[in-house]
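Read the structure below first, then the notes.
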Amino acid sequence: MKLRLLTLLCLPLISFAARAQFTDPNGGDLERGVLPQAWMTGGPKCMEIPEWQVHEYNPDLYILRQSGCTDAEMPFLYLFFGKDRGLLWDTGSRNGNLAPALQHVVHNWLERNHRASIPVIVTHSHSHEDHVWGDSAIRALNDPAIPIIFVPAKVADTQVFFHIASWPDGLGEVDLGERVLNIVPIPGHDIVSIALYDRRTGILLTGDSLYPGRLYIPDFASFQASTERLIRFIEGKPVAHVLGNHIEQTRTPFLDFPIGSIYHPDEHALDLTFGTLLELEDGLKSMNGTPRRLAMRDFTIWPLSPGDHGLGAKMEEIYKQTQEKQLRDKWDQPK
Ligand SMILES: [Zn+2]
Ligand SMILES: [Zn+2]
């Protein structure tokens, strides 16, 4: 009896241990990298802010962040390098002018690695305008050092390129040359949303489906099912960081920047964790199938009415007012 009780008491510990990935806190076999303490956003002086901030996570992974001085969406892009190919995740938002920044990074990588050229796969977290705006310029890039392999942000093309047998239940992958990236379809925010897991660094990219900000959900049932599938896929794998496409939260818990902000002083960190993904799952479950807005510490679950991609009159007004004020002050934002 006592033994049985002890066994029962140990069960939660056993299932918890199944999630721990390494026996010692020595970094495991993951390739390491660093994230910046803070990102440039849009100021205080737009004259000082580059169109794209390039951050070296490590020599084979770069994070590019678009300046708020060019567009309030300020998306993050990710550029992975393998032995044979590179992969770019998204092409930026309006007025992004990505091509020169991309060429700068790839040419420097080639010089560093004593190479003449490397093909780059261009793929997307999803199809919204703030992530595909730079597509035409990148497709038109005529640089013999960077042959572009372009994957349109459409379900059929994504499925074929990553060999996803069934959508959204199947899994896909691509090998960049000693660097395998796993792809998980996660529709809900958009019909063609995908997540990407990099086995080398343990980084999980979640696009607009999980980031420190407002998670807009036009298709709640699909979004919840996708969150469950993503958790099932990632369980048992080490997760170094969960990285999304935007930051809209401040460092103050439960507080976001007004929609339309181009300047984010005291911005929340980009990186979230596997725990944040479980928190998202928990928040969705708590609604028992009846979607409602729910502000969590680091993000907000924001269901939209089915088929309606607009954010409503109140948000439109906040957007307009914030943009007017911050664009007027873009050369010298009040501190
Ligand atoms: Zn989106
Ligand atoms: Zn977005």
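Because the structure is a prediction, the values reported are computed rather than measured. Every number for a ligand or one of its atoms is a count from 1 in the order of the listing. For the numbers below, each heavy atom of this structure counts, side chains included, while hydrogens, waters and symmetry mates do not.
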Note to self: How large, to 10°, is the angle at the Zn ion (ligand 2) when you draw lines to NE2 on His131 and to OD2 on Asp130?
What the structure shows: 90°
Note to self: Looking at the Zn ion (ligand 2), is there an N, O or S atom belonging to His246 that lies under 2.8 Å away from it?
What the structure shows: yes
Next item on the list: Return the minimal non-hydrogen interatomic distance between Ala145 and His107, and the atom names on each side.
Entry: CB-CE1, 3.7 Å
Margin query: Is there a side-chain contact between Thr250 and Phe257 in this structure, where contact means two heavy atoms from C-beta onward sitting under 4.5 Å apart?
Written below: yes
Next item on the list: Work out the angle at the Zn ion (ligand 1) between NE2 of His189 and NE2 of His126, rounded to 10°.
Entry: 100°
Next item on the list: Group every Ile, Leu, Val, Met, Phe, Trp and Tyr by side-chain heavy-atom contacts under 4.5 Å, then state whether Val120 and Val54 land in the same group.
Entry: yes
Next item on the list: Starting from the Zn ion (ligand 1), look over the N/O/S atoms of His128 and name the nearest one.
Entry: ND1
Next item on the list: Identify which one of Arg200, Arg179, Lys83 satisfies the side-chain hydrogen bond (donor to acceptor under 3.5 Å, both in side chains) criterion when paired with Asp60.
Entry: Arg200
Next item on the list: For the Zn ion (ligand 1), decide whether Asp190 has an N, O or S atom at a distance under 2.8 Å.
Entry: no
Next item on the list: Determine whether Leu35 and Tyr57 make a side-chain contact, defined as any pair of heavy atoms from C-beta on separated by less than 4.5 Å.
Entry: yes
Checklist line | Shortest-distance N, O or S atom of Asp208 relative to the Zn ion (ligand 2) | finding: OD2
